[in-house]
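Values below: every heavy atom of this structure, side chains too, minus hydrogens, waters and symmetry copies. The first residue in the sequence is number 1, and the count goes up from there. Small disclaimer: the values here were computed from a predicted structure and weren't measured. Both ligands and their constituent atoms are indexed starting at 1 by order of listing.
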Amino acid sequence: MKKELIKQAMGVLDANFQKEGFTIPSQGLYPFQWKWDSGFIAIGLCYYNIEKAKLEVKTLLDAQWENGFIPHIVFHNENDSYFPGADFHKSELHPLSSKEYKSTGMTQPPVMGFVLQEMHRIATDKEDMVEFIKKHIDKVYQNHAYFYSNRDPHDEGLVYIYHNWESGTDNSPVWDDIWKTMNPPEYIFERKDTTHVDASQRPSKREYDHYLHIIEIAKEHQYDDEKIAALSPFLVQDPLFNAMLIKSNESLLELYDLIGGNEEKKIQLRQWQQKSIKGVNTKLFDEELGAFVHYDLRNDRPIRFVSSSSFSPLFAGIPDVKRAETLVQTMVDKFGGKDKYLCASFDPTSDRFNPKKYWRGPVWINMNWMLYYGLKKYRFLELANRIKKDSVELIKRDGFYEYFDCRKNNGEANRIGYGGSNFSWSAALLIDLLND
Ligand code: GLC
């Protein structure tokens, strides 16, 4: 059974591989290269095709801008099955954007540091992987330098995101109160996502107006970071995004130890690391909720909701043991009922929870993967194993979907998988989980 599942997962990844040297997240729905998807995909590829895994990472890093920025989508080809595409984003507006690749002018969680370390862990030819890491690690370091120099205006060790798509958790209810502070125009455009996936599983038209409006403002200012920090109606310190950065900082430090030299970079990484861990623990922890929360920097207020992002600091070793116990208690109490698969993307006890709608409730395999390793790190082995078992079962029941209903009995026979089918990171991370 395990062998069969791994074979199917490899089939999904291979079918989604493109001749330009990257893997699309899902046919039709997502026809380009996405930043954090590529990281997770490379981890899965390492188990059976190391050359493809290296190519996946290289192709993404090739699209890095001169200021260290790595975009959230790289438009390697023309494809009109996706909106908003290259012509809308116009990355060429930024003076330091890639001259070779069209992309968006926003980013996604910085996973590449820990991805390189995972690749080294999994690779059987360590020497070859060390050579690869030597060639590419500085690009990842420069990406972190970009974040700390441009996205931490109050020097708190916490970087902001200026768009909900930067979080990776696109339509989370966490953003709802920010939308209430905005009143964007009613844009006229043709949605493409709802031609691939039922509209009930995707964001609303009005939500899209907000998403486009933030981009229009950034474009008016040529994606200038200072202008965005001053003017974007969306400016958030996200516990998931910052946890990814911290986890990747730690990986870069360990990888620089491995390859030797680079003393100045290591000193800098340690400084960033200390400040960031402190920042997340002091500013983003909500004692009353017993969880990490987002902070709305534009409106200067915490966003007091529990989501799967609230637990992601476990993956980066950010909380102390006592706080980790609190987090686990919150997860069990709110998300862990026996009638549910772990881990819903949004608090199932909240009236904003929606079990079928994208990031408003469904289970996502990449979040489960992070939580599995995070819980293991703190020795919550029973819960870690439950998350792993649930992830495997969800995929076994319905296939390699983008997201899954967390309710074991949702009244729809076996239909629990939603969004894109044959979704690459669900396949890639399942390969890793089954090998652990
Ligand atoms: C959706 C997800 C995002 C992912 C992208 C491509 O937009 O919300 O996290 O990177 O799809 O799979």
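The shortest N or O to N or O distance between Phe423 and ligand 1 is not below 3.5 Å. Geometrically, ligand 1 and Trp425 share no nitrogen or oxygen pair separated by less than 3.5 Å.
A side-chain donor-acceptor contact under 3.5 Å links Glu156 and Gln237. Side-chain contact check for Tyr211 and Asp170: no donor-acceptor pair (N or O, by modelled atom type) lies under 3.5 Å. Side chain to side chain, Glu216 and Tyr187 fail the donor-acceptor criterion of an N or O pair below 3.5 Å.
Counting only heavy atoms of the protein, atom 1 (C) of ligand 1 lies nearest to Tyr358 OH, 3.2 Å. Of the protein's heavy atoms, Asp170 OD2, 2.7 Å lies nearest to atom 7 (O) of ligand 1. Here the protein heavy atom with the shortest distance to atom 4 (C) of ligand 1 is Asp37 OD1, 3.5 Å. Among all protein heavy atoms, the one lying closest to atom 9 (O) of ligand 1 is Gly168 O, 2.7 Å.
At least one cation-pi condition fails for Arg191 and Phe83: the charged atom is not both under 6.0 angstrom from the six-membered ring centre and inside a 45 degree cone around its axis.
For the atom pair OG1 (Thr169) and NE2 (His294), the distance works out to 5.0 Å, reported to the nearest 0.5 Å.
Close contacts of ligand 1 with Trp36, meaning ligand atoms under 4.0 Å from a residue heavy atom, involve 3 (C), 4 (C), 9 (O), 10 (O).
By the neighbour-count criterion of 12 heavy atoms within 6.0 Å, atom NZ of Lys205 is densely surrounded, having more than that number from other residues, nucleotides or ligands.
Using a 4.0 Å cut-off between heavy atoms, Gln108 contacts ligand 1 through its side chain alone, with no backbone atom that close. Using a 4.0 Å cut-off between heavy atoms, Trp359 contacts ligand 1 through its side chain alone, with no backbone atom that close.
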*Apply salt bridge (Lys or Arg N to Asp or Glu O under 4.0 Å) to Asp405 and Arg397, showing your working.*
CA-CA 11 Å; Asp405 200 325; Arg397 261 182 77 171; over 6 Å; no
